[in-house]
Amino acid sequence: MTPAHRDRSQPGALGLVLARSTRLLGVEPFFMEFITGMEERLVTRDMSVLLHVVPTYEEEIAAYHRWAAGGLVDAVAVVNLVEGDRRPGVLRELGLPAVLVGTWRDDPGLPAVRTDDAGPVRDAVSRLADLGHRVVARVTGPPSLLHTRARTAAQEEACREAGIEAVVVEGDYTAESGARLTAELLKRTPRPTAILYDNDVMAVAGLAAAKDLGVDVPADLSLIAWDDSALCRLASPPLTTMTVDVHRFGVLVAEAALDHIDGRPAGERWSPTAHFVPRGTTGPAPA
C-alpha cells in the first residue's frame, strides 16, 4: 500500500529517521525542538511525527522500504544530507513523498527546505575579526555532512579575506569531542583566540575544558556556539551563539510536506537564518 492509497480516515504521519546515536539525541536539544515545530503544524491535520532512530544510513534506507511497503507514513523528512546521498533517489523509486531538509547544492528533484550555512559563518568570522582575533578555530560536526562542508568553506574563505588564520578540527557533536578538541586546540602554537562550535553541546564542553586548563573566557579566549539552547544560556558565562529559530524550521518542513502530500507545488523554502546573539563568551582578542 503506497501513501497515495492509505486510508485517509486514519490519522497520518510524517516520518523522520535519524541515523545517529540515541545517547546524543538525548542530550542535544536541536531535534526535540525541531520535532516540536513539526508537530505544531501537523496537529492541525490530525497528523504526527513518526520518529525512528537508527545507527547507519543503510538502516535508514531499510526503514523507508518498510514504511513504503506498509503505508505507515504519508511522507518523510530527510535530514543530514551527505555527498552522493542515495536517499533522495531511493525515495523517488519507492514513490514515498519526501522533503529534503538542509544543504543541497543541486536541484534536489524533491521539495526542499534549505539552510544558509555560509552567511552566518561569515558573519561570525567578521565579528571576531573586528574584535582583533587573528587565529579562529572551529570544531565541526561530522565532515560527511553537506552543511559541515558548507560551513568549512565559508570559514576558510572569510578568514582568507580578513587576513586571519582558519583552523578546522573535526568533531562529532558529542561533549567528549568538544572537550578533547578544545584542549588540543589550546595546546597549538599559535593558540587560537576564538573557537566556533557546530553545536551547543560541544561548545558547553569546550567552555568547561578551557576553564580546566586555566584559560579565561572571554579575556583569553572567545567562544561561539551554533544553535542556542538552555545549555548555552545557563553556562557560566552564558555562551554567545549563532541562533536559529529551530521551532520555526520544523514548522516550515511540516508545511512543505503537507503541500507535497496534497499535490500542491511545495516550492523551495528557506529555514530561518542563524543570527549572532552576543553573551558572555566573546570579547576583544588578548593583547
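- Connection of V204 to L213 is established within a shared hydrophobic cluster, with ILVMFWY side chains joined at heavy-atom distances below 4.5 Å, either directly or through further cluster members.
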Inset, instruction - Take T282 and S222, measure what side chain to side chain donor-acceptor pair (under 3.5 Å) needs, and give me the verdict at the end. - result: CA-CA 4 Å; T282 45; S222 287; 5.5 Å; no
Tabulate below the donor-acceptor pairs under 3.5 Å that side-chain atoms of residues 31-41 make, not counting sequence neighbours, or state none.
unit_1 : atom_1 : unit_2 : atom_2 : d
T36    : OG1    : M32    : O      : 2.8
E39    : OE2    : V49    : N      : 3.2
E40    : OE1    : H247   : NE2    : 3.3
R41    : NH1    : T44    : OG1    : 2.6

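- Salt bridge absent: R134 and E165 never bring a charged side-chain N and a carboxylate O closer than 4.0 Å.
- Closest of all the heavy-atom pairs between M202 and G171 is SD-CA, 4.3 Å.
- For the atom pair CD1 (I261) and CZ (R45), the distance works out to 6.5 Å, reported to the nearest 0.5 Å.
- Of all heavy-atom pairs spanning L81 and V78, the tightest one is CD2-CG1, 3.9 Å.
- Salt bridge annotation for R180-E176: absent, with no cationic side-chain nitrogen under 4.0 angstrom from a carboxylate oxygen.
- With values rounded to the nearest 0.5 angstrom, N80 atom CG is found 6.0 Å from H147 atom NE2.
- Cluster membership check: L146 shares its hydrophobic cluster with L110, using side-chain heavy-atom separations under 4.5 Å among Ile, Leu, Val, Met, Phe, Trp and Tyr.
- Side-chain atoms of D85 come within 3.5 Å of backbone atoms of R87 as a donor-acceptor pair (strictly under, hydrogens ignored).
- Taken to the nearest 0.5 Å, the OG atom of S236 stands 4.5 Å off from the NZ atom of K211.
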Legend entry - Worked verdict on E184 versus K187 for side-chain contact (heavy atoms from CB on, under 4.5 Å): CA-CA 5 Å; E184 291 177 3; K187 294 173 184 175; 5.8 Å; no
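- Counting heavy atoms from C-beta outward, R138 and V169 have side chains that stay 4.5 Å or more apart.
- A salt bridge links R279 and D228; the closest N-O separation between the charged side-chain nitrogens and carboxylate oxygens is under 4.0 Å.
- Proximity of V113 to L100: side-chain heavy atoms (C-beta onward) are nowhere separated by under 4.5 Å.
- Linking Ile, Leu, Val, Met, Phe, Trp and Tyr residues whenever their side-chain heavy atoms come within less than 4.5 Å leaves W226 and V277 in two separate clusters.
- Without hydrogens or angle criteria, T115 side chain to D117 main chain gives no donor-acceptor distance under 3.5 Å.
- For the pair R269 and D259, the salt-bridge criterion is met [side-chain N within less than 4.0 Å of a carboxylate O].
- Listed for the D74 side chain is no donor-acceptor partner under 3.5 Å among the backbone atoms of L14.
- A donor-acceptor contact shorter than 3.5 Å is absent between the side chain of Q155 and the backbone of V168.
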Legend entry - Stepwise side-chain contact (heavy atoms from CB on, under 4.5 Å) test for I61 and R86: CA-CA 9 Å; I61 289 172; R86 294 175 49 218; 3.5 Å; yes
Inset, instruction - Start with the C-alpha gap between Y64 and L94, add the side-chain angles, then the distance that decides, and say whether side-chain contact (heavy atoms from CB on, under 4.5 Å) holds. - result: CA-CA 8 Å; Y64 294 148; L94 291 172; 4.0 Å; yes
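- Between L239 and Y197, the closest side-chain pair of non-hydrogen atoms is not below 4.5 Å.
- Taken from CD1 in I195 to CG in L181, the straight-line distance is 9.5 Å, to the nearest 0.5 Å.
- You'll find the side chain of D220 reaches within 4.5 Å of the side chain of R191, heavy atoms only.
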Inset, instruction - Kindly indicate, with the supporting measurements, whether the criterion side-chain contact (heavy atoms from CB on, under 4.5 Å) is fulfilled by V201 and Y173. - result: CA-CA 7 Å; V201 173; Y173 293 145; over 6 Å; no
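- Screening residues 256-283 for ring-ring contact (aromatic ring centres under 6.0 Å, His included) gives no qualifying pairs among residues at least two apart or on separate chains.
- Linking ILVMFWY side-chain heavy atoms closer than 4.5 Å, directly or via other members, places L50 and L96 in a single hydrophobic cluster.
- For CZ of R188, the number of neighbouring non-hydrogen atoms (other residues, nucleotides, ligands) closer than 6.0 Å is greater than 12.
- T243 OG1 to D200 CG: the interatomic distance, rounded to the nearest 0.5 Å, is 10.0 Å.
- The two residues G206 and L223 make their nearest non-hydrogen contact at C-CD1, 4.4 Å.
- You'll find the side chain of L42 stays beyond 4.5 Å of the side chain of S48, heavy atoms only.
- The pair R122-D116 does not count as a salt bridge, with every side-chain nitrogen at least 4.0 angstrom from each carboxylate oxygen.
- The CG atom of L128 lies 6.0 Å from the CG atom of L196; values are rounded to the nearest 0.5 Å.
- Proximity of R127 to L131: side-chain heavy atoms (C-beta onward) are nowhere separated by under 4.5 Å.
- Heavy-atom minimum distance, P192 versus L186: O-CD2, 4.4 Å.
- Of all heavy-atom pairs spanning L221 and A210, the tightest one is CD2-CB, 4.0 Å.
- Side-chain contact check for T140 and D198: no donor-acceptor pair (N or O, by modelled atom type) lies under 3.5 Å.
- Checked by atom type and distance alone, the side chain of T281 pairs as donor or acceptor with a backbone atom of T240 at under 3.5 Å.
- When side chains are defined from C-beta on, P143 counts as touching E170, because their heavy atoms get closer than 4.5 Å.
- Hydrophobic clustering (side-chain heavy atoms under 4.5 Å, transitive across Ile, Leu, Val, Met, Phe, Trp, Tyr) keeps V251 apart from V76.
- Among all heavy-atom pairs drawn from P142 and T148, the shortest one is O-OG1, 3.0 Å.
- A 4.5 Å side-chain heavy-atom check between D245 and F249 finds every atom pair outside the cut-off.
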